[in-house]
Student: 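Pasting in a structure now, in structure tokens, and then I'll have a few things to ask.
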Amino acid sequence: TNGVHAPTWVAPLIRALYEKHVGQNWDEIALNPEGWKKGVEKISDEELWHAHLLLKQRLVAFVRHRSFHARLNNNESMDYTESARTMFDPNALTIGFARRVAAYKRWSLLLTDPHRLLRLINNEERPVQFVFAGKAHPQDQGAKFILQQLARWKYDPLVRHRAVFLQDYDQEIARQLVQSVDVWMNVPRRPLEASGTSGEKVAMNGGLNLSVLDGWWIEGYDGTNGFAIGDEAEGNEAAEVDESDAQSLYRKLEEEVVPIYYERDADGIPRRWVAMMKRSLETLVPAFNSDRMVEEYARRIYL
Ligand SMILES: *Cc1c(COP(=O)(O)O)cnc(C)c1O
């Protein structure tokens with residue numbers, strides 16, 4: 001399975017924690033699971049959570065800025081354009097979903113039941129906000145669905161503050177998203193995902209993965225370091241699999257992701273969530289980085 005280059009994708013704020021607790025050569029230590037785990041264990045919940053919150057604040061500023069200018073360019077109404085300045089909430093559970101144009105990524109799976117999705121987004125006490133990013137290619141049916149649905153929600157003041165589509169997904173948008181979201185969602189149709197490197201970029205920044213057990217996630221998920229959608233059964237009709245994966249996705253969000261994220265102690269720290277962030281860092285960074293990948297290609301194939 002492929003891996004990603006940690007020094008490229010890790011946010012400076014998170015890198016500073018690795019340098020302090022793991023060591024200046026943290027990216028080398030990351031290749032040794034035991035040494036890496038020892039270092040990550042020294043990062044306090046408070047430090048990790050507060051660094052993550054700062055990154056989310058930066059993401060909210062980025063979303064507002066991009067949306068404001070996109071609306072201005074599209075000659076949207078003054079009211080709608082201005083509202084971009086206050087959209088999104090750095091404290092709300094933030095889920096990222098970005099992809100290339102490829103049907104197997106099943107972009108519209110999340111829209112299988114729009115009312116159920118709306119209930120998640122609209123929850124007053126425990127809201128969920130979504131950042132979508134893509135190319136909005138004319139042939140991209142999935143992105144078109146999302147854009148149509150967002151257009152319908154455009155005049156619903158609550159929803160329009162909590163769901164956004166960023167056009168022209170590129171490395172800059174990817175960097176902003178993978179360094180800052182709470183959760184990265186990936187819902188490919190099995191077994192078509194070769195790897196899914198964007199989720200690996202999220203993992204090394206402390207974000208949690210919510211993904212179908214395919215590609216890297218079937219190797220990385222261990223029951224404690226993120227969330228799995230669906231099961232591993234194969235051979236059913238595509239439509240049946242889509243329907244059952246959609247139900248599984250909503251259930252995971254409603255019963256696990258949202259409750260664990262919003263469970264806080266007296267200091268306002270989501271201890272169970274932060275414990276999962278640390279499990280994710282400990283278990284995934286040593287395996288899904290490009291140093292391990294290159295070493296393995298060299299040893300097992302080229303040499
Ligand atoms: C990482 C990345 C990808 C690849 O993501 P996958 O999850 O492997 O499909 C695509 N586009 C951009 C801009 C990226 O940064």
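Excluded from the calculations below are hydrogen atoms, water molecules and symmetry mates; all remaining heavy atoms, backbone and side chain alike, are included. Counting convention: from 1, in listed order, for ligands and their atoms alike.
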Student: Measure from the side-chain N and O atoms of Tyr262 to the backbone N and O of Leu93, and report whether any donor-acceptor pair falls under 3.5 Å.
Tutor: yes
Student: Students should be able to answer this: which protein heavy-atom is nearest to atom 11 (N) of ligand 1, and at what distance?
Tutor: Tyr169 CE2, 3.4 Å
Student: Between Trp36 and Tyr18, is the ring centre distance below 6.0 Å?
Tutor: yes
Student: Suppose I only count heavy atoms of Ser198 and a 4.0 Å limit; which atoms of ligand 1 are within that range?
Tutor: 5 (O), 6 (P), 7 (O), 8 (O)
Student: Do Gln176 and Arg66 get their side chains close enough for a donor-acceptor pair, meaning under 3.5 Å?
Tutor: no
Student: Going by the atom numbers of ligand 1, which of them fall below 4.0 Å from some non-hydrogen atom of Gln171?
Tutor: 13 (C)
Student: When you compare the side chains of Arg64 and Thr86, does any donor N or O come within less than 3.5 Å of an acceptor on the partner?
Tutor: no
Student: Answer with side chain, backbone, both or neither: which part of Arg99 has a heavy atom less than 4.0 angstrom from an atom of ligand 1?
Tutor: neither
Student: What atoms of ligand 1 come within less than 4.0 Å of a heavy atom belonging to Lys105?
Tutor: 6 (P), 7 (O), 9 (O)
Student: With no hydrogens and no angle check, is any side-chain donor or acceptor of Asp214 less than 3.5 Å from a backbone partner on Glu193?
Tutor: yes
Student: Among all protein heavy atoms, pick the one closest to atom 3 (C) of ligand 1 and tell me residue, atom and distance.
Tutor: Lys201 NZ, 3.8 Å
Student: Are Trp216 and ligand 1 in contact, using a heavy-atom cut-off of under 4.0 Å?
Tutor: no
Student: Using a cut-off of 6.0 Å, state whether more than 12 heavy atoms not belonging to Arg300 lie near its atom CZ.
Tutor: no
Student: I'd like to check which ligand 1 atoms, numbered from 1 as shown, lie under 4.0 Å from a non-hydrogen atom of Asp170.
Tutor: 13 (C)
Student: Without swapping roles, check the side chain of Asn123 against the backbone of Arg119 for a donor-acceptor pair under 3.5 Å.
Tutor: no
Student: Determine, considering heavy atoms only, which of Leu177, Asn186, Thr197 sits nearest to atom 6 (P) of ligand 1.
Tutor: Thr197
Student: Check contact between Ser195 and ligand 1, using heavy atoms of the residue and a distance below 4.0 angstrom.
Tutor: no
